[in-house]
Amino acid sequence: EVQLVESGGNMVQPGESLRLSCAASGFPFSDSDMSWVRQAPGKGPEWLALTNFDGTITYYAEAVKGRFTVSRDNVKNTTSLQMYSLKPEDTAVYYCNADELVVIQRFRNYWGQGTQVTVSS
């Protein structure tokens with residue numbers, strides 16, 4: 001069974017830091033690009049960051065570039081999102097997303113259940 005389990009979400013004050021983790025199982029993690037997506041209250045999904053299958057390439061949304069860092073461990077089958085200088089507008093449910101490469105140009109997509117991050121004074 002495919003599983004993506006996010007953890008690390010909490011309520012923090014502006015300026016503080018959090019590290020989110022995602023534990024993956026049930027699919028070839030090392031053949032999968034991993035992304036983080038968030039959804040704020042009343043808003044649509046917002047893509048944040050991606051690390052490719054072997055961690056050699058990363059991409060970030062402008063809203064989080066320089067504050068967030070995505071990483072992965074292909075031995076532990078985990079991906080992490082380190083978040084610094086959190087702002088109230090970072091409040092959202094954060095999701096781990098996998099794109100498994102099945103064959104050239106064909107992917108399978110998986111989502112986790114999400115973890116809540118609340119930034120408030």
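What you see is a predicted model; the values in this text were computed from it and never measured.
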**Q** So do V64 and R38 actually touch side chain to side chain, heavy atoms under 4.5 Å?
**A** yes
**Q** Looking at F107, I'd like to know if its CZ atom is crowded, meaning that more than 12 non-hydrogen atoms belonging to other residues, nucleotides or ligands lie closer than 6.0 Å.
**A** yes
**Q** Under 4.5 Å between any side-chain heavy atoms of S71 and T79, yes or no?
**A** no
**Q** Quick one: CE on M34 to OG1 on T78, what's the gap to the nearest 0.5 Å?
**A** 9.0 Å
**Q** Is it the case that the side chain of D90 and the backbone of K87 share a donor-acceptor pair, with hydrogens and angles ignored and the cut-off at 3.5 Å?
**A** yes
**Q** Taking M83 as the starting point, is it possible to reach V37 by hopping between hydrophobic residues whose side chains are less than 4.5 Å apart?
**A** no
**Q** Is the shortest side-chain heavy-atom distance between Y59 and W47 below 4.5 Å?
**A** yes
**Q** Between D33 and N52, does any side-chain donor sit less than 3.5 Å from a side-chain acceptor?
**A** no
**Q** Which atoms form the tightest heavy-atom contact between C22 and L4, and what is the distance?
**A** SG-CD2, 3.9 Å
**Q** Which value, rounded to the nearest 0.5 Å, describes the distance between S30 atom OG and L101 atom CG?
**A** 11.0 Å
**Q** Test side-chain contact (heavy atoms from CB on, under 4.5 Å) on W36 and C96; report intermediate values, then the result.
**A** CA-CA 5 Å; W36 288 89; C96 176; 4.3 Å; yes
**Q** Distance check, rounded to the nearest 0.5 Å: N97 atom CG versus L50 atom CG?
**A** 8.5 Å
**Q** Taking atom CD of Q113 as the centre, does the number of heavy atoms from other residues, nucleotides or ligands within less than 6.0 Å exceed 12?
**A** no
**Q** Decide whether V5 and L20 are clustered together by the hydrophobic rule: side chain heavy atoms of Ile, Leu, Val, Met, Phe, Trp, Tyr closer than 4.5 Å, transitively.
**A** no
**Q** Taking the six-membered ring of Y84, is NZ or CZ of R19 closer than 6.0 Å to its centre and within 45° of its axis?
**A** no
**Q** Would you say the side chains of T91 and E89 form a donor-acceptor pair under 3.5 Å?
**A** no
**Q** Show the nearest heavy-atom pair for residues D73 and V75, with the distance to one decimal.
**A** OD1-N, 2.9 Å
**Q** Kindly work out whether a path of hydrophobic side-chain contacts (I/L/V/M/F/W/Y, heavy atoms less than 4.5 Å apart) joins L81 to V12.
**A** yes
**Q** I need the minimum non-hydrogen distance between R67 and S85, along with the two atoms involved.
**A** NH1-O, 3.1 Å
**Q** Within the side chain of R72, is there an N or O that forms a donor-acceptor pair under 3.5 Å with the backbone of F29?
**A** yes
**Q** To the nearest 0.5 angstrom, please state how far the CD atom of E6 sits from the OH atom of Y95.
**A** 8.5 Å
**Q** What's the spacing between T118 OG1 and Q13 CD if we round to 0.5 Å?
**A** 12.5 Å
**Q** Test ring pair (Phe, Tyr, Trp, His ring centres under 6.0 Å) on F27 and Y110; report intermediate values, then the result.
**A** CA-CA 10 Å; F27 68 96; Y110 311 111; 5.0 Å; yes
**Q** How far apart are the closest heavy atoms of V70 and Y60, and which atoms are they?
**A** N-OH, 2.9 Å
**Q** For the backbone of S7 and the side chain of S21, can you confirm whether one donor and one acceptor N or O come within less than 3.5 Å of each other?
**A** no
**Q** Side-chain contact, heavy-atom cut-off 4.5 Å: L86 with L18?
**A** yes
**Q** Which distance, rounded to the nearest 0.5 Å, do you find between the CZ of F68 and the OG1 of T58?
**A** 14.5 Å
**Q** Cut-off 3.5 Å, side chains only: do D54 and N74 have a donor facing an acceptor?
**A** no
